[in-house]
Amino acid sequence: GSGANTIPQIITKLVLNLLLIQEWFPLADAAINGVSWYLSVSLFCYFLFPWLLRAFEKIRKKRDAILILVLLIEFQFFIVLLASQVSTPANDMNGWLTDNYTYWLSYKFPPIRLIDFLIGCDLGLLWKLSASGANEEQISSLRSNLCMIIAICLALGAQFFVLSSY
């Protein structure tokens, strides 16, 4: 939205920022502190972590962890493509809603960023599964493979960032 904020908008944004949930909604200029979107996303991910940990603890095979990693990366790419097709509604609630839904959905919306968090959890699990009972040569090979996976994730992340600007 553009223009000056009204008193109800200021109070709403202040409360949302104090609770660190400002990015859970597509509000225009939701963050009082520009980088607080990260804290909002982190709060969301860490709130879900106990349940996510239980799910990851059930994975016992490297093959399953790799399959989950590939599916998460593909799902993230699909979500970004889908988000790039979303447009701002005609009724923006008198300046309350963001002008750029694509950016908010693909970059700041906590459930979308949860995919990044899950990829990190899965990489940690893959490391744990691969390092247990491995010799030094196997660990070195694992590190090389994980570096390659991380590089692929970073490359996809760059595409994610580029697509979110459209």
Side-chain angles (χ1 to χ4, degrees), residues 1-59 65 68-128 146 149-166:
S2 60
N5 288 318
T6 63
I7 297 297
Q9 287 173 323
I10 293 170
I11 292 171
T12 300
K13 290 177 185 181
L14 181 62
V15 169
L16 293 176
N17 274 266
L18 289 174
L19 296 173
L20 289 176
I21 58 172
Q22 71 277 8
E23 295 304 336
W24 298 15
F25 311 97
L27 301 177
D29 306 318
I32 292 173
N33 176 355
V35 296
S36 65
W37 69 268
Y38 176 79
L39 297 174
S40 180
V41 170
S42 294
L43 178 69
F44 179 81
C45 293
Y46 288 125
F47 174 75
L48 294 175
F49 185 70
W51 295 279
L52 298 172
L53 181 61
R54 285 190 196 117
F56 276 104
E57 285 176 337
K58 294 177 182 177
I59 302 167
I68 290 169
L69 181 64
V70 169
L71 291 174
L72 284 169
I73 292 170
E74 288 177 358
F75 183 67
Q76 183 177 39
F77 189 70
F78 172 75
I79 291 295
V80 171
L81 289 176
L82 191 62
S84 70
Q85 301 304 310
V86 175
S87 59
T88 304
N91 179 8
D92 76 347
M93 296 175 49
N94 297 320
W96 278 75
L97 299 180
T98 183
D99 290 337
N100 192 339
Y101 263 43
T102 299
Y103 177 73
W104 175 76
L105 270 175
S106 61
Y107 192 70
K108 292 185 174 185
F109 188 46
I112 301 300
R113 296 310 296 245
L114 180 65
I115 300 168
D116 296 329
F117 187 78
L118 291 172
I119 289 171
C121 290
D122 194 59
L123 285 170
L125 175 67
L126 188 57
W127 177 266
K128 179 182 171 189
L146 284 179
I149 290 170
I150 291 169
I152 291 169
C153 291
L154 290 173
L156 287 174
Q159 289 178 337
F160 176 73
F161 182 74
V162 169
L163 286 174
S164 71
S165 65
Y166 290 108

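- The one candidate from L19, N17, L18 that meets the side chain to side chain contact (heavy atoms under 4.5 Å, CB included) condition with V15 is L19.
- The CZ atom of F56 lies 12.0 Å from the NZ atom of K128; values are rounded to the nearest 0.5 Å.
- Here the closest non-hydrogen pair linking D116 and R113 is OD2-NE, 2.7 Å.
- Among residues two or more places apart in sequence or in another chain, the side-chain contact (heavy atoms from CB on, under 4.5 Å) test is passed with I68 by I59, L72, D122.
- L123 has its side chain out of reach of W127: every pair of non-hydrogen atoms, C-beta onward, lies at least 4.5 Å apart.
- Evaluation of the side-chain contact (heavy atoms from CB on, under 4.5 Å) rule for L16 yields T12, I21, Q22, F25, L27 as partners, not counting sequence neighbours.
- Considering only heavy atoms from C-beta on, F77 stays 4.5 Å or farther from I73 through its side chain.
- Shown are I119, L114, L71, L118; of these, the side chain to side chain contact (heavy atoms under 4.5 Å, CB included) with Q76 is made only by I119.
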Donor-acceptor contacts under 3.5 Å from residues 39-50 side chains, at least two apart:
residue: S40; atom: OG; partner: L20; partner atom: O; Å: 3.1
residue: S40; atom: OG; partner: E23; partner atom: N; Å: 3.4
residue: S40; atom: OG; partner: W24; partner atom: NE1; Å: 3.2
residue: S42; atom: OG; partner: Y38; partner atom: O; Å: 3.0

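- If you take CG on L69 and SG on C121, they are separated by 11.5 Å, rounding to the nearest 0.5 Å.
- With rounding to the nearest 0.5 Å, the separation of CD in E57 from CG in L52 is 11.0 Å.
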